[in-house]
Amino acid sequence: MKQSPPGGSNAFAPGFPVLQSLLVLLSVLALADTAAAHAVAEGDKGYIQEITGINLIPFVYLGAKHMVTGYDHLLFLFGVIFYLYRLKHIGIYVSLFAVGHSTTMLLGVYYGWNVSSYLIDAIIGLSVVYKALDNLGAFQRWFGIQPDTKAATLIFGFFHGLGLATKILEYQIAEDGLIPNLLAFNVGVEIGQLIALTVILIAMSYWRKTSSFLRHAYTANVLMMTAGFVLIGYQLTGYFVA
């Protein structure tokens with residue numbers, strides 16, 4: 001199900017332009033968007049604060065928009081599926097992430113869990129670092145163990161969902177129609193995740209057919225890990241200076 005991570009002297013040779021460009025783009029966008037991680041655009045924020053009652057279609061749209069533009073989510077998913085080749089395995093891991101994400105998003109908003117968004121977003125950055133290290137085989141080399149990848153995907157999914165919940169709570173969604181609207185938002189998130197995942201898988205399928213995949217997978221995961229560390233640093237800085 002999972003290949004051993006490649007490395008060696010060829011790891012940083014030039015190549016894989018399509019996937020390299022995709023990962024660099026995601027990383028740059030993640031860093032550029034760090035200050036607003038999990039945030040909702042100002043126009044959407046005003047809409048959320050003003051409407052009352054059940055508004056299923058708008059909340060489906062908002063959920064899908066959030067996931068498609070959630071670069072930290074996409075970086076983590078990119079890492080999760082990096083060495084997964086069978087759709088069955090991809091479906092299992094993506095479903096675990098979705099269950100975790102959905103659970104804490106819904107419960108966090110419904111029960112009003114008051115958690116620092118800086119700390120949650122730092123943990124989300126940590127999830128990106130963890131997945132990159134896992135793909136690089138670091139835990140096996142350093143500690144002689146292989147963490148349970150399914151459990152880790154579910155647990156980090158909980159934190160990704162809680163990160164969104166902390167932002168939604170700031171916008172004080174009306175109690176009238178809260179549950180249907182949250183469920184619609186969550187449906188939108190899963191639709192957005194499916195769209196983003198499809199694009200990533202198409203790009204990955206092309207890259208895996210080239211000889212550069214095994215040579216440059218190491219570099220790709222190092223780039224992803226670097227983006228995760230920067231996200232962590234930015235959020236912790238915000239936490240201590242806020």
Side-chain angles (χ1 to χ4, degrees), residues 25-26 28-78 94-125 127-128 154-200 231 234-235 238-239 242:
L25 176 61
L26 285 176
V28 170
L29 290 175
L31 303 184
D33 197 51
T34 299
H38 290 287
V40 180
E42 285 300 316
D44 297 336
K45 173 182 175 181
Y47 178 79
I48 291 173
Q49 291 175 328
E50 292 175 2
I51 62 174
T52 59
I54 299 175
N55 297 271
L56 300 182
I57 300 301
F59 273 93
V60 169
Y61 165 76
L62 290 173
K65 180 180 178 181
H66 164 75
M67 177 54 76
V68 171
T69 58
Y71 308 113
D72 46 1
H73 289 315
L74 299 183
L75 280 171
F76 181 70
L77 283 174
F78 179 82
V94 172
S95 296
L96 287 170
F97 180 70
V99 169
H101 186 280
S102 302
T103 299
T104 47
M105 190 276 285
L106 294 171
L107 294 179
V109 175
Y110 185 77
Y111 290 107
W113 292 345
N114 187 18
V115 184
S116 169
S117 60
Y118 287 112
L119 292 181
I120 293 299
D121 287 338
I123 294 174
I124 290 172
S127 74
V128 177
L154 176 63
I155 291 170
F156 281 124
F158 289 144
F159 285 105
H160 279 251
L162 191 57
L164 177 57
T166 59
K167 293 301 180 182
I168 294 178
L169 286 170
E170 294 178 6
Y171 304 140
Q172 301 176 341
I173 298 178
E175 292 291 330
D176 182 20
L178 176 63
I179 299 301
N181 288 338
L182 282 180
L183 291 174
F185 187 90
N186 191 64
V187 169
V189 166
E190 302 313 321
I191 293 174
Q193 178 173 278
L194 182 60
I195 293 172
L197 187 63
T198 299
V199 173
I200 293 173
L231 287 169
Y234 188 97
Q235 296 302 332
Y239 175 75

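This chain uses plain numbering: 1 for the first residue, then up along the sequence. Quick note: numbers below take in every heavy atom, side chains included, and nothing from hydrogens, waters or symmetry partners.
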- Flag yes if more than 12 heavy atoms outside F158 fall under 6.0 Å of its CZ atom; otherwise flag no.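 For F158, atom CZ is crowded (more than 12 foreign heavy atoms under 6.0 Å).
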
- Query: CG of N114: more than 12 outside heavy atoms within 6.0 angstrom?
  - Reply: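 Count not over threshold, so no.
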
Once you round to the nearest 0.5 Å, how far does [atom1] of [X] lie from [atom2] of [Y]?
X: F59; Y: N181; atom1: CZ; atom2: CG; result: 4.0 Å
X: I173; Y: I51; atom1: CD1; atom2: CD1; result: 8.0 Å
X: L231; Y: I124; atom1: CG; atom2: CD1; result: 9.5 Å
X: L62; Y: M67; atom1: CG; atom2: CE; result: 14.0 Å
X: L178; Y: F185; atom1: CG; atom2: CZ; result: 12.0 Å
X: L107; Y: L162; atom1: CG; atom2: CG; result: 10.0 Å

- Message: Applying side-chain contact (heavy atoms from CB on, under 4.5 Å) to S116 and Y239, what does each step give before you reach the verdict?
- Response: CA-CA 8 Å; S116 169; Y239 175 75; 3.5 Å; yes

- Query: What's the verdict on side-chain contact (heavy atoms from CB on, under 4.5 Å) for I168 and M105, showing C-alpha distance, side-chain angles and the deciding distance?
  - Reply: CA-CA 9 Å; I168 294 178; M105 190 276 285; 4.0 Å; yes

- Message: Strictly by side-chain hydrogen bond (donor to acceptor under 3.5 Å, both in side chains), give each pair with a member in residues 102-112 just once, sequence neighbours left out.
- Response: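 Qualifying pairs: S102-N186, S102-E190.
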
- Return the set of residues passing side chain to side chain contact (heavy atoms under 4.5 Å, CB included) with L169 (not counting sequence neighbours), or none when no residue passes.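 Scan of L169 (side chain to side chain contact (heavy atoms under 4.5 Å, CB included), adjacent residues dropped) gives V109.
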
Check: [Y] and [X] side chains under 4.5 Å, non-hydrogen atoms:
X: H101; Y: L164; result: yes
X: F97; Y: L197; result: no
X: L183; Y: L56; result: no
X: V99; Y: L154; result: yes
X: H73; Y: Q193; result: no

- Among all residues two or more places apart in sequence or in another chain, which pass the side-chain hydrogen bond (donor to acceptor under 3.5 Å, both in side chains) test with N55?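 For N55 there are no side-chain hydrogen bond (donor to acceptor under 3.5 Å, both in side chains) partners, ignoring immediate neighbours.
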
